[in-house]
Enquirer: 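Below are the structure tokens for one structure; questions will follow.
Predicted, not measured: the structure shown is a model, and the values here were computed from it. Counting starts at 1 for both ligands and their atoms, in listed order.
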Amino acid sequence: MCRLAGYIGEKEAVRIIMDSLSRQSYGGYDSAGVVIGSESNIICVKSVGRLENLEKKLEEKKLKGNWGIGHIRWASHGRVSLTNAHPFSDCQKKIYLVHNGIIENWRRLKRKLLDKGHRFVSETDSEILSHLIEDYFEGSLEEAVKKALREIRGAYGLLAISKNEPKKIIAARLSSPLLIGIGEREGEYILASDPAAIAPYTKKVINLNDYEIASVNPGNSLLIVKERKLQFLDFDVKKSEKGPYPHFMLKEIMEGPETIENAVKGRLVPEEGTVKLGGLEEVSEKLKRINRLLLVGCGTAFHAAKVGKYMIEEYADIPCEADVASELRYRKPLLDNKTAAVFISQSGETADTLAVLREFKKKGTLTIGITNAVGSSQARETDAGVYTRSGPEISVASTKAFLGQLTVLAMLTVFLGRQRNMSLVTGKRIVSELSKMPRLVRKILKRAPEIKKLAKKYKRYQNIWFIGRKYNFPVALEGALKLKEVSYLHAEGTAGGELKHGPLALIDKRFPTIAICPSDSVYDKMVSNIQEIRARQGRIIALATERNREIEEIVDDVIYILKTLEMLTPLLSVVPLQLFAYYTAHHLGRDIDKPKNLAKSVTVE
Ligand code: AGP
């Protein structure tokens, strides 16, 4: 998704805005632009492609000025081109704006404005805004923005400036995230779509809520600030740097053990075979009375939801459904007061997941959030929740956040189970195994060199199948998603039992399979699936429990994981698949942290 940045203060605005855009560049990156204001003028510079291209143009132009706005684009309306890059201006080139979101009624508004003689330069929906504001402009930019936004249907985070009102930025939000950072110096403000871009400059922020408009300028101490409680970013900038790693994805995979440690810290109560989840205490009595759970997410978060469904049904005896948010928002799920919903999101800003959350809240359903991003929309809008504490996840391909989500779902299972029929013994077993997880994952990460070699051996195949059963069916889906995202190879995940109902038709020696088959309750079934594949000369990499030697006789390669409780095997089995995807992309020379066509947090529908 697009990302915005803005600055007002005494420093060189272009430096701060470009740094802020680069810290958000995992959010979309097919073109970029800035407009910088000085005492006498405002100048706009745009470029196609990576942010570095814009940097080159700016070096030539040597822009001076201490206020301005900037944008990086993830194309939704209109192809990737210089004319479709933001910022956009009005016809007089007096008003400039940057926009993150989608305007659904843009065609009708464009026709109306064209009839009024406005001249458009781009194919985008966003450019509508600059002309609509121009249409309402009677001397006050803020008033014109307010009137223009009343006509807009859709989502927006926007920053607007005017030549006639120097050192003033109008910020507005509906659904797309937008924060205002209060600078260390009086009258200094840093604005951005993501806290990661503000944290290096200040920890004091205002999270704009939907339908809020702020007039940011040194003179007026932000009326809105007076009414709004400042939020303090819990964001360690050092952690959002790559350190010694060549890619954020590898760094974040290697942070798996620490992620689990952070997620369980102060939450396991071994002596009582239970967990303490402070964020759920307020709704603990309500959770005791629920008899149905809906688990909701997108992409990797949806795969975590599916694992959560298996855990909670088996150990907490609550019927569960796991569904992708983009489908659930148009389904008509039956919701009664004994149904609760768990929303899973790393960023806490995924538009489809937020849309379901807002719909369920309207219907009075109890909403629980499992979120990584502190202070994000999901964290602020759910009734209660648990942070995964995974730290900043920068790489578009989500890895450590998935481990954080699985760990919190396992703890939620114990929380709900111990409220119901889960015994002290079972609770103690799960809690004790959870406390061992960081050590077990560390042992698996030591096999990275082995997996790197395996990825090299299989990089020539254009298609790879992932199969798993029960708890590891969602892991097969996740393994396939990771490989697709970063290597651009065709990969599919399937329940092992589904192979013979169709997919087996594709299997031959050119289409290898990764079979996730730890020694669990469905191991024998997985072995029969492996035999079905072998019978058709399919190559197989097995992901098996250590000391299972027999498996070596029936597959081509084996990656061993350590033994643990069946319900916790996904925390171990996914790690080699994350490494396999990473090293395959590495061997194929892909841009691993910024895969093409993808964005870290999908803030529009
Ligand atoms: C995963 O690697 C992808 N980046 C994507 O599928 C992601 O999981 C999905 O967009 C959900 O994001 P969220 O957890 O921030 O809501």
Side-chain angles (χ1 to χ4, degrees), residues 1 3 24-29 74 175-177 193-196 247-250 252-253 256 259 295-308 322-329 341-357 369-379 381-382 385-388 390-406 408-409 474-475 477-488 491 493 574-575 577-582 585 590-605:
M1 291 330 89
R3 288 289 183 271
Q24 301 180 82
S25 60
Y26 51 87
Y29 33 84
W74 186 87
S175 176
S176 302
S193 307
D194 193 294
H247 296 99
F248 280 107
M249 185 178 180
L250 184 61
E252 288 154 7
I253 294 172
T259 297
L295 297 126
V296 188
C298 298
T300 291
F302 165 63
H303 297 152
K306 275 182 89 59
V307 175
D323 205 351
V324 282
S326 52
E327 275 304 306
L328 192 50
R329 71 184 291 180
V342 176
F343 296 86
I344 304 170
S345 174
Q346 186 288 124
S347 62
E349 300 293 352
T350 298
D352 286 320
T353 309
L354 290 176
V356 177
L357 166 59
I370 295 182
T371 319
N372 188 36
V374 176
S376 59
S377 306
Q378 177 171 293
E381 296 177 33
T382 37
V386 185
Y387 280 122
T388 58
S390 311
E393 189 178 66
I394 309 290
S395 178
V396 168
S398 183
T399 52
K400 65 175 180 176
F402 184 61
L403 288 182
Q405 289 158 356
L406 294 183
V408 169
L409 283 162
V475 178
L477 297 174
E478 179 57 12
L481 176 65
K482 283 289 98 61
L483 190 63
K484 275 184 270 202
E485 281 189 274
V486 291
S487 74
Y488 313 153
V574 76
V575 176
L577 303 185
Q578 294 172 344
L579 286 167
F580 185 83
Y582 172 78
R590 305 296 192 224
D591 188 344
I592 292 170
D593 283 338
K594 298 178 180 173
K596 65 181 165 70
N597 304 344
L598 294 180
K600 179 66 184 169
S601 153
V602 182
T603 54
V604 291
E605 188 182 359

Enquirer: Quick test: of every protein heavy atom, which one is nearest to atom 6 (O) of ligand 1, and how far off is it to 0.1 Å?
Expert: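 Checked against all protein heavy atoms, atom 6 (O) of ligand 1 sits closest to Gly299 CA, 3.3 Å.
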Enquirer: With heavy atoms only and a cut-off of under 4.0 Å, state how Thr350 meets ligand 1: side chain, backbone, both or neither.
Expert: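 For Thr350, the contact with ligand 1 is made by the side chain alone.
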Enquirer: Run the numbers for me: atoms of ligand 1, each under 4.0 Å from some heavy atom of Ala301, listed by number.
Expert: 8 (O), 14 (O)
Enquirer: Would you call Lys596-Asp591 a salt bridge at under 4.0 Å N-O?
Expert: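 No, no charged N to carboxylate O under 4.0 Å.
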Enquirer: Within a distance under 4.0 Å of any heavy atom of Ser398, pick out the atoms of ligand 1 and give their elements.
Expert: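 Under 4.0 Å from Ser398, ligand 1 has these atoms: 1 (C), 2 (O).
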Enquirer: Testing Thr353, Thr350, Thr371 one by one against Gln378 for a side-chain hydrogen bond (donor to acceptor under 3.5 Å, both in side chains), which residue passes?
Expert: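 It is Thr371; the other options fail the test.
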Enquirer: Residues in salt bridge (Lys or Arg N to Asp or Glu O under 4.0 Å) with Arg590, at least two apart?
Expert: none
Enquirer: In the protein, which heavy atom is nearest to atom 9 (C) of ligand 1, and how far is it?
Expert: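 Answer for atom 9 (C) of ligand 1: Cys298 O, 3.5 Å.
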Enquirer: I'd like to know whether Lys594 forms a side-chain hydrogen bond (donor to acceptor under 3.5 Å, both in side chains) with Ser25, so could you lay out the CA-CA distance, the side-chain angles of the two residues, the decisive distance to 0.1 Å, and finally the verdict.
Expert: CA-CA 8 Å; Lys594 298 178 180 173; Ser25 60; 2.9 Å; yes
Enquirer: Please enumerate all residues that pass salt bridge (Lys or Arg N to Asp or Glu O under 4.0 Å) together with Glu349, with sequence neighbours excluded.
Expert: none
Enquirer: Yes or no: does Lys482 have any heavy atom under 4.0 Å from an atom of ligand 1?
Expert: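 Per 4.0 Å heavy-atom rule, Lys482 contacts ligand 1.
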Enquirer: Hey, is Val396 one of the residues with a heavy atom under 4.0 angstrom from ligand 1?
Expert: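 Yes, Val396 has heavy atoms under 4.0 Å from ligand 1.
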Enquirer: Looking only at heavy atoms, is any part of Ser601 under 4.0 Å from ligand 1, and if so is it the side chain, the backbone, or both, or is it neither?
Expert: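 No part of Ser601 comes within reach of ligand 1.
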Enquirer: Determine, stepwise, if the pair Thr603 / Ser601 fulfils side-chain hydrogen bond (donor to acceptor under 3.5 Å, both in side chains).
Expert: CA-CA 6 Å; Thr603 54; Ser601 153; 5.4 Å; no
